[in-house]
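Taking it in order: structure first as structure tokens, then the write-up.
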Amino acid sequence: MMARMRFMLFAAVMLVAGCATSAPVAPDAAGISPATVDAAPSRTALMLQAAGGASAPTRAEVERLLGRADIARQDGAGAALTYRLESCALLLLFAADSHNALRLAEAHPSARHSGEAAPTIERCASEADARVH
């Protein structure tokens, strides 16, 4: 009986410890808190995640949301837009659909500075949101 009570006390302490809040996390060099990146996906993140799908946004929709690209290139039935963000360079590739509308086919995040790891698409989306607002 005593062993069972000790186990119950131990389990209760572990549950309470698991519910404790942690100290706020300081923003990184780009000014983005990791908690912000882990939050619910933004409209930009959802748009980028739709790349290649049936509901992929058009080039006009992307430019309406993100603004004018830093680099834009049109080649035949495709296009490429590059957005230079704080720590992320976001390359967006577009391909013509069956109605000749350019739709987002691929989204590629890369580091802005050599030697740094490529950021996630969610991080690039957060930086793009911060740039627009």
Side-chain angles (χ1 to χ4, degrees):
M1 181 70 160
M2 192 62 140
R4 185 175 177 188
M5 288 181 68
R6 272 190 252 152
F7 175 76
M8 300 267 300
L9 179 61
F10 175 74
V13 169
M14 294 308 290
L15 284 172
V16 170
C19 294
T21 59
S22 61
V25 180
D28 63 6
I32 297 174
S33 167
T36 303
V37 175
D38 292 338
S42 67
R43 183 172 174 207
T44 303
L46 293 173
M47 176 194 68
L48 296 175
Q49 291 169 356
S55 64
T58 64
R59 178 178 177 173
E61 292 169 333
V62 169
E63 289 179 319
R64 195 173 312 123
L65 182 62
L66 299 180
R68 186 175 183 168
D70 295 301
I71 301 170
R73 182 178 175 135
Q74 177 99 26
D75 287 321
L81 301 179
T82 301
Y83 291 88
R84 293 181 185 146
L85 306 167
E86 185 68 30
S87 66
C88 175
L90 185 59
L91 172 64
L92 305 179
L93 302 176
F94 295 83
D97 66 7
S98 60
H99 302 293
N100 285 330
L102 288 176
R103 295 206 173 268
L104 184 60
E106 299 176 38
H108 298 280
S110 62
R112 279 285 311 271
H113 308 286
S114 66
E116 293 181 358
T120 64
I121 199 76
E122 291 80 12
R123 177 168 182 97
C124 283
S126 293
E127 289 185 16
D129 288 338
R131 173 184 170 176
V132 174
H133 299 107

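Every heavy atom of this structure was used, including side-chain atoms; hydrogens, water molecules and symmetry mates were not.
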Shortest non-hydrogen pair, Ala50 vs Pro57, comes out as CB-CD, 4.2 Å
Roughly how far apart are Glu63 CD and Leu102 CG, rounded to 0.5 Å?
9.5 Å
Hey, quick one: are Leu92 and Leu65 part of the same hydrophobic cluster, counting side-chain heavy atoms closer than 4.5 Å, chains of contacts allowed?
yes
Asp70/Arg84 under salt bridge (charged side-chain N to carboxylate O under 4.0 Å, His left out): CA gap, chis, key distance, verdict
CA-CA 6 Å; Asp70 295 301; Arg84 293 181 185 146; 5.4 Å; no
State whether the side chain of Tyr83 and the backbone N or O of Arg68 hold a donor-acceptor pair below 3.5 Å, judged by distance alone.
no
Ignoring hydrogens and geometry, is there a side-chain-to-backbone donor-acceptor pair from Arg103 to Asp97 under 3.5 Å?
no
Interatomic distance, His108 atom NE2 to Cys88 atom SG [nearest 0.5 angstrom]:
12.5 Å
I'd like to know if the side chain of Glu127 and the backbone of Glu86 have a donor-acceptor N/O pair within less than 3.5 Å.
yes
Hey, is Arg112 close enough to Glu116 for a salt bridge, meaning N to O under 4.0 Å?
no
Would Thr120 and Arg123 count as a side chain to side chain contact (heavy atoms under 4.5 Å, CB included) if you check the C-alpha gap in whole Å, the side-chain angles of each, and the deciding distance to 0.1 Å?
CA-CA 5 Å; Thr120 64; Arg123 177 168 182 97; 3.5 Å; yes
Output all residues satisfying side chain to side chain contact (heavy atoms under 4.5 Å, CB included) with Ala60, sequence neighbours left out; order by chain, then residue number.
Thr58, Arg64
Atom CE of Met47 and atom OG of Ser42: how far apart are they, to the nearest 0.5 Å?
8.5 Å
Test of understanding: with side chain to side chain contact (heavy atoms under 4.5 Å, CB included), list the residues that count as partners of Thr82, not counting sequence neighbours.
Ile71, Leu91
Can we say Asp75 and Arg73 salt-bridge, meaning some charged N sits less than 4.0 Å from an Asp/Glu carboxylate O?
yes
Which atom of Cys124 lies closest to which atom of Pro109, heavy atoms considered
SG-CB, 3.4 Å
Rounded to the nearest 0.5 Å, what separation is found between the CG atom of Leu66 and the CD atom of Glu61?
11.5 Å
CG on Leu90 to CG on Leu48, rounded to 0.5 Å:
5.5 Å
